[in-house]
Amino acid sequence: MAYWLFKSEPGVFSLSDLKAAPTDWSGVRNYQARNFMLTMQLGDGGFFYHSNSNPPGIVGTVEVVRTAYPDPTALDPKSPYYDPRSTLEKPIWQMVDIAFRSAFAEIVALDRLRATAGLEQMLLLRRGNRLSVMPVSAAEWRIILNLAGPS
DNA sequence: GCCAACGTTGGC
DNA sequence: GCCAACGTTGGC
């Protein structure tokens, strides 16, 4: 069982959108993020992070409900995520499916994460980090759930 | 809207 | 294989 963090701009896709229906995490075009998705297991937990919002922060939890499979938007010339290097036979990009699990009573804001002991090593907080999918350690997971309180 | 940080691209 | 240029991300 591993833990992850999924980043999304709420104006584009929010936790409420995910609550309405599970979704595929298509459109990831970063090799590191893709490689993380390739290692995800059914039932893995994830935080849902709202970026480019005020304040940015973690708003709830999700669950991996399907392991990695080819991202079809890479093959669609009309998609903004189209990648002509990718083919049906040799897909480059992968995605997983995630489902809503819980919404925090209050957002755990980025500045609060930064101020919390035990989260100093968190990948999310690293300077210049731009990954849309990243791992979270079990310890970090526990600390943040505590910050969030009952959902 | 600004800009620092980063990944990717492409010329050489 | 180097590295400058570029596009994108995301906090502020």
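The sequence lines fix the lettering, A, B, ..., with proteins before strands; numbering per chain opens at 1. Keep in mind it's a predicted model, so treat the numbers as computed, not measured.
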Nearest whole Å is fine: how far is [N] [atom2] from [X] [atom1]?
| X | N | atom1 | atom2 | value |
| --- | --- | --- | --- | --- |
| A:R112 | C:dG11 | CZ | P | 18 Å |
| A:Q32 | C:dT9 | CD | P | 15 Å |
| A:D111 | C:dG11 | CG | P | 11 Å |
| A:K7 | C:dT8 | NZ | P | 16 Å |
| A:R34 | B:dT8 | CZ | P | 10 Å |
| A:D83 | B:dT9 | CG | C1' | 13 Å |
| A:R29 | B:dT8 | CZ | P | 13 Å |
| A:N30 | B:dT9 | CG | C1' | 15 Å |

Checklist entry - Of A:Y31, A:Y81, A:Y82, which meets ring-ring contact (aromatic ring centres under 6.0 Å, His included) against A:W93? => result A:Y31

Next on the checklist: Closest approach to the side chain of A:N52, judged atom by atom: which nucleotide of B:dT9, C:dG11, C:dG7 is it?
Outcome noted: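 Among B:dT9, C:dG11, C:dG7, the one nearest the side chain of A:N52 is C:dG11.
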
Item to check | A:Y31, nearest nucleotide to its side chain (from C:dG7, B:dT8, C:dG11) | outcome: B:dT8

Checklist entry - At what distance, to the nearest 0.5 angstrom, does CE of A:M95 lie from CG of A:D24? => result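 It is 4.0 Å, given to the nearest 0.5 Å.
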
Checklist outcome for this item: Of A:R85 and A:R130, the one whose nearest nucleotide on DNA chain B sits closer to the 5' end is A:R130

Checklist entry - Below 4.0 angstrom from OP1 or OP2 of C:dT9, is there any side-chain N or O of A:Y49? => result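 For C:dT9, OP1/OP2 do not have a side-chain N/O of A:Y49 under 4.0 Å.
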
Checklist entry - When you check the side-chain N and O atoms of A:T73 and A:D76, is any donor under 3.5 Å from an acceptor? => result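 Looking only at side-chain atoms, A:D76 and A:T73 do not form any donor-acceptor pair under 3.5 Å.
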
Checklist entry - Can a donor-acceptor pair be found between the side chains of A:D71 and A:Q94 at a distance below 3.5 Å? => result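 The answer is no; no qualifying pair exists.
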
